[in-house]
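Convention: sequence-line order gives letters A, B, ...; per-chain numbering from 1.
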Protein chains: 2
Amino acid sequence: MLVRINTAPRMSIDGHLAALAGEGMCYSEFRYRRGLEIFGEGEEPEYVYQIVSGAVRTYKLLPDGRRQINAFHLAGDMFGFENEAIHRFTAEAIVETHAHLMRRSSILEAVRNGGAGTKDLIKFVTQNLAHAESHMLLLGRKTSLERVTAFLLEMDERLHHPDVMILPMSRRDIADYLGLTLETVSRALSILRDEGLLRFDGNTQRRLELVDRDALAKIDA
Amino acid sequence: MLVRINTAPRMSIDGHLAALAGEGMCYSEFRYRRGLEIFGEGEEPEYVYQIVSGAVRTYKLLPDGRRQINAFHLAGDMFGFENEAIHRFTAEAIVETHAHLMRRSSILEAVRNGGAGTKDLIKFVTQNLAHAESHMLLLGRKTSLERVTAFLLEMDERLHHPDVMILPMSRRDIADYLGLTLETVSRALSILRDEGLLRFDGNTQRRLELVDRDALAKIDA
DNA sequence: CGCGGAGTTGATGATCTTCAAACATGGTGG
DNA sequence: CCACCATGTTTGAAGATCATCAACTCCGCG
């Protein structure tokens with residue numbers, strides 16, 4: 001079902017959670033079923049999360065229901081850190097997801113004490129910011145074909161260039177990430193398939209193979 | 001050309017730069033003429049900047065010249081901090097701008113030493129991230145009228161609700177911030193003016209007055 | 001005065017959305 | 001095991017929004 005990366009136990013140096021609060025900090029492990037809300041926009045942040053397996057979407061809603069997905073989080077990714085007293089967006093499990101949780105207060109305290117994890121926290125937030133900036137360029141200035149191509153290449157990279165890419169998210173999720181409709185996403189994928197740049201694996205639409213990454217990279221301006 | 005104006009030992013307590021690196025840190029003051037590039041995307045970051053007066057745009061470009069402005073920075077705002085070894089975007093003075101500069105290395109060192117400014121740095125990056133997330137919602141899901149209205153309200157707030165708002169940036173800048181064309185921005189402003197929600201002050205197009213902020217807030221979904 | 005930059009407005013057109021229909025898929029229970 | 005239903009996906013046709021192309025105005029400034 002889901003592509004998995006190694007699940008870093010708590011001692012691993014570059015495991016994010018462990019790095020943040022230092023060794024010896026404990027965390028709990030939770031399991032979220034497909035579609036379940038992990039936390040909601042406006043709620044008080046209690047935990048910071050690291051995904052062991054599964055996938056999570058974080059998004060904002062307009063009052064009339066229009067949705068913008070900020071980011072997808074895959075195995076190994078951390079999310080949910082807040083500096084202020086409320087969550088700025090909602091997080092939901094896209095598929096069955098296992099995550100490690102660490103109390104936010106532990107991390108804030110570690111920062112207050114000048115803990116070693118401070119640098120990692122700054123790095124984490126900065127990486128999120130860098131991603132957001134690139135995504136603003138996509139949302140503000142790229143065509144639908146460029147957006148879908150960029151999405152495929154982003155996922156390809158984050159899944160470490162697998163032969164067959166297994167997408168946990170629906171066309172609607174992709175559309176809400178790219179600022180398009182699901183129909184436009186579907187059409188763009190069909191174009192790329194017809195041009196021979198990608199193949200659908202079997203008869204399922206969520207398993208696909210990037211046949212010509214160079215050509216895709218040329219489309220993504 | 002850069003003009004070095006003076007060097008001062010320290011600035012006000014609530015100034016961001018001072019908070020970041022602690023007391024006793026030195027900064028220089030520079031002046032940038034209208035249109036001048038302050039730093040370019042991909043360059044090595046040397047300084048962190050705080051605007052004394054003027055306005056700055058930060059943006060990314062696609063190879064064919066399409067531009068996305070991430071943010072406008074006004075008097076009091078800080079910008080240019082990088083955690084990694086290169087600038088992720090370009091910064092230009094929109095109008096004649098005075099800024100305080102502090103060496104990036106000083107700030108990084110302060111963080112390494114567990115300086116008091118670490119918390120402020122995290123706060124600074126997090127605020128940028130929060131802005132970027134809101135802007136992604138705008139770029140991905142709002143209509144042109146909603147975008148322009150949101151822009152006006154954002155500027156109104158950041159300029160502390162002046163009677164007459166003086167915009168330093170051109171219609172093209174606004175368009176590249178909102179993911180629109182300058183014509184669409186102009187049309188949206190005309191609509192808001194015709195509906196009586198704003199007035200142009202005199203016969204210049206950059207001075208305008210928000211007549212009905214509540215109605216504007218209702219348009220901005 | 002004339003020139004250039006900035007802005008507005010109009011006509012036309014392309015891209016993307018909306019609406020709609022058909023088909024596929026995967027899970028559930030008889 | 002298969003029928004069945006909800007959900008997800010593709011594709012087509014029509015329509016809306018925004019972009020493009022173009023003309024014109026308004027200042028500011030030499």
Go through [options] for me and flag the one nearest to the [X] side chain.
| X | options | value |
| --- | --- | --- |
| B:E183 | D:dT11, D:dT20, C:dA6 | D:dT20 |
| A:R206 | C:dT8, D:dA19, D:dT9 | D:dT9 |
| B:S186 | C:dC16, D:dT10, C:dG7 | C:dG7 |

Worksheet item: On DNA chain D, nearest-nucleotide positions of A:R141 versus A:D194: which is more 5'?
Response: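 Whichever sits nearer the 5' end wins; that is A:D194.
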So, is [X] near the phosphate of [N], with a side-chain N or O under 4.0 Å from OP1 or OP2?
| X | N | result |
| --- | --- | --- |
| A:R187 | D:dT11 | no |
| A:T184 | C:dT17 | yes |
| B:T143 | D:dT17 | no |
| A:S144 | C:dC16 | yes |
| B:R147 | D:dC18 | no |
| B:R193 | C:dT9 | yes |
| B:R66 | D:dA19 | no |

Round to a whole Å and report the spacing from [atom1] of [X] to [atom2] of [N].
| X | N | atom1 | atom2 | result |
| --- | --- | --- | --- | --- |
| B:D201 | C:dG7 | CG | P | 16 Å |
| A:R172 | D:dT10 | CZ | C1' | 14 Å |
| A:L189 | D:dT10 | CG | P | 6 Å |

Worksheet item: Any idea which heavy atoms bring B:T90 and B:E41 closest together, and the distance?
Response: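 Minimum heavy-atom contact is OG1-N, 3.0 Å.
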Worksheet item: Would you say the side chains of B:E154 and B:Y177 form a donor-acceptor pair under 3.5 Å?
Response: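 Side-chain D/A pair, B:E154 to B:Y177: present.
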Worksheet entry | Pair A:E96 + A:R31, salt bridge at N-O below 4.0 Å |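 The answer is yes: the pair qualifies as a salt bridge.
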Worksheet item: Charged N to carboxylate O below 4.0 Å: is that the case for A:R206 and A:D201?
Response: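 A salt bridge is absent here (no side-chain N lies under 4.0 Å from a carboxylate O).
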Discussion item. Is the terminal nitrogen or CZ of B:R57 (NZ for Lys, CZ for Arg) located under 6.0 angstrom from the six-membered ring centre of B:F72 and within 45° of that ring's axis?
Written reply: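 The answer is no, since B:R57 fails at least one limit relative to B:F72.
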Nucleotide N/O of nucleotides 24-27 of chain D paired with protein N/O under 3.5 Å:
unit_1: D:dC27; atom_1: OP1; unit_2: B:N203; atom_2: ND2; d: 2.8

Worksheet item: Per the ring-ring contact (aromatic ring centres under 6.0 Å, His included) rule, which among A:F39, A:F81, A:F30 passes with A:Y49?
Response: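 In the set A:F39, A:F81, A:F30, the residue that makes a ring-ring contact (aromatic ring centres under 6.0 Å, His included) with A:Y49 is A:F39.
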